[in-house]
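This is a predicted model, so every value here is computed, not measured.
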Amino acid sequence: MSRADYQQWISRGRPFRLMQPAQDLKSRLRAHGYVVYDIGNEAHLTHEPPEDHTPYSATAYPGRAVYGVGYAVDIMPPPKGARSKVDGLPLPSLQQLGARLVADRKAGVADVRWLKYLNWEPERDNGGPCWHDSWQPNYSRRASSDRGHIHISGLTGFESSTVGAGYDPVARIRGGDDMSQKAEAQIAELHEALLGEGKKGSRYPASVVQQIRDVAWAVVHGNTDTTWLGKTLVTLGEAAGLDAAELEQIRAAAREGAEASAPAVTAGVLAGLTPEKIAAAIPPSIARQVADELARRFAD
């Protein structure tokens, strides 16, 4: 019936509005500089069954969709190096945004209780796993093929709710609640120093510097996919060019239980330990310490 629904919608004058919490999130993210879409193209509008990017969704939950209301937005990845129009700091990646939204929803943060599900990629855009994290009504996760952006769908019953009016995931990533403003500033300073934009010159190519910054931000902001962190950090360790004596000292320390020490884990990272060992060596309890050690090491 989606083609018929589409034609009927056109004949009714194309009524459309985005559910209010999604509109509030869209406005907030656009203010920062993200590209955010809501209503779908003709392929979406004629898809069978019509889904949440349409104003006549047949997949609404837990109740029926309100005619003329859209329940979904797509957040597109920011260009490399893009900075927020609000605070001037680098825009968080989709991985950071997705992790923040999922963590807040799982933690019961009131501002995002309207979220029905997210499709997002925790490792990188258009690569690695892609998850469909859903609350219908309980939390569940399965694989998704909806790549290259974050798709967010909302629950019925929140069409006119102002529950998310004050929610800013970028601000929460910056330092809201459980995040450290000081850590954000340190990472920004590290990035500038490594690039040679500050007083210090750069020891590393720009591509490696960007990876270092991305990894540091991921650790600081709670990316718990330590296998991905391990693989990326091994690449950085190989580029760091530590001398043979230092490498051997680090490997010896690692054999004796490097996983218990943030400095030793960081040293092991730079020494090029296997991703498996690194993944096992970075429990959440010392993640921030590892980030700080990385910052100190690369700022030298």
Closest approach of [X] and [Y], non-hydrogen atoms and distance?
X	Y	value
P129	P122	O-CD, 3.2 Å
Y37	M76	CE1-CG, 3.5 Å
C130	D146	SG-O, 3.5 Å
A165	D24	CA-OD2, 3.6 Å
I39	P55	CD1-CD, 4.3 Å
T156	G63	OG1-N, 2.8 Å

Sequence neighbours excluded, the answer for side chain to side chain donor-acceptor pair (under 3.5 Å) partners of N138 is none
Between atom [atom1] of [X] and atom [atom2] of [Y], what is the distance when rounded to the nearest 0.5 Å?
X	Y	atom1	atom2	value
S153	L115	OG	CG	9.5 Å
T162	Q23	OG1	CD	13.5 Å
I152	D74	CD1	CG	9.0 Å
Y61	K116	OH	NZ	9.5 Å

Donor-acceptor pair, [X] side chain versus [Y] backbone, under 3.5 Å?
X	Y	value
H149	R147	yes
T54	P50	no
Q20	S161	no
Y34	R28	no
W9	P15	yes
R30	V36	yes
H53	D38	yes

Sub-4.5 Å side-chain heavy-atom contact between [X] and [Y]:
X	Y	result
P169	V112	no
V73	L18	yes
V163	D111	no
T59	D52	yes
V69	Y56	no
L97	V170	yes
E51	H47	yes

When V102, D104, V109 are each screened for side-chain contact (heavy atoms from CB on, under 4.5 Å) with K106, the one that passes is V102
Worked verdict on D168 versus R172 for salt bridge (Lys or Arg N to Asp or Glu O under 4.0 Å): CA-CA 6 Å; D168 184 347; R172 288 177 65 76; over 6 Å; no
The complete set of ring-ring contact (aromatic ring centres under 6.0 Å, His included) pairs with one or both residues in residues 100-135, sequence neighbours excluded, reads Y117-H132, Y117-H151, W135-Y139
Practice item. Flag the pair D133 and R142 as a salt bridge only when some basic side-chain nitrogen lies within less than 4.0 angstrom of an acidic carboxylate oxygen. Key: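 Looking at D133 and R142, the cut-off is not met.
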Without hydrogens or angle criteria, can the side chains of Q7 and S11 be said to hold a donor-acceptor pair below 3.5 Å?
no
Run the side-chain donor-acceptor check on residues 84-94: report pairs under 3.5 Å with partners two or more places apart or on a different chain.
{"from": "S84", "atom 1": "OG", "to": "H32", "atom 2": "ND1", "distance (Å)": "2.7"}
{"from": "S84", "atom 1": "OG", "to": "V86", "atom 2": "N", "distance (Å)": "2.9"}
{"from": "S84", "atom 1": "OG", "to": "D87", "atom 2": "N", "distance (Å)": "3.3"}
{"from": "S84", "atom 1": "OG", "to": "D87", "atom 2": "OD1", "distance (Å)": "3.4"}
{"from": "D87", "atom 1": "OD1", "to": "L89", "atom 2": "N", "distance (Å)": "2.9"}
{"from": "D87", "atom 1": "OD1", "to": "R174", "atom 2": "NH2", "distance (Å)": "3.2"}
{"from": "D87", "atom 1": "OD2", "to": "R174", "atom 2": "NE", "distance (Å)": "2.7"}
{"from": "S93", "atom 1": "OG", "to": "Q95", "atom 2": "N", "distance (Å)": "3.3"}
{"from": "S93", "atom 1": "OG", "to": "Q96", "atom 2": "N", "distance (Å)": "3.1"}
{"from": "S93", "atom 1": "OG", "to": "Q96", "atom 2": "OE1", "distance (Å)": "3.3"}

Between Y71 and E159, is the side chain to side chain donor-acceptor pair (under 3.5 Å) condition met? List the steps. CA-CA 8 Å; Y71 292 83; E159 289 82 2; 2.6 Å; yes
**Message:** I'd like to know if V35 and L118 are part of one continuous hydrophobic network [Ile/Leu/Val/Met/Phe/Trp/Tyr, side-chain heavy atoms within less than 4.5 Å].
**Reply:**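 They do not share one cluster, since no chain of ILVMFWY contacts under 4.5 Å joins L118 to V35.
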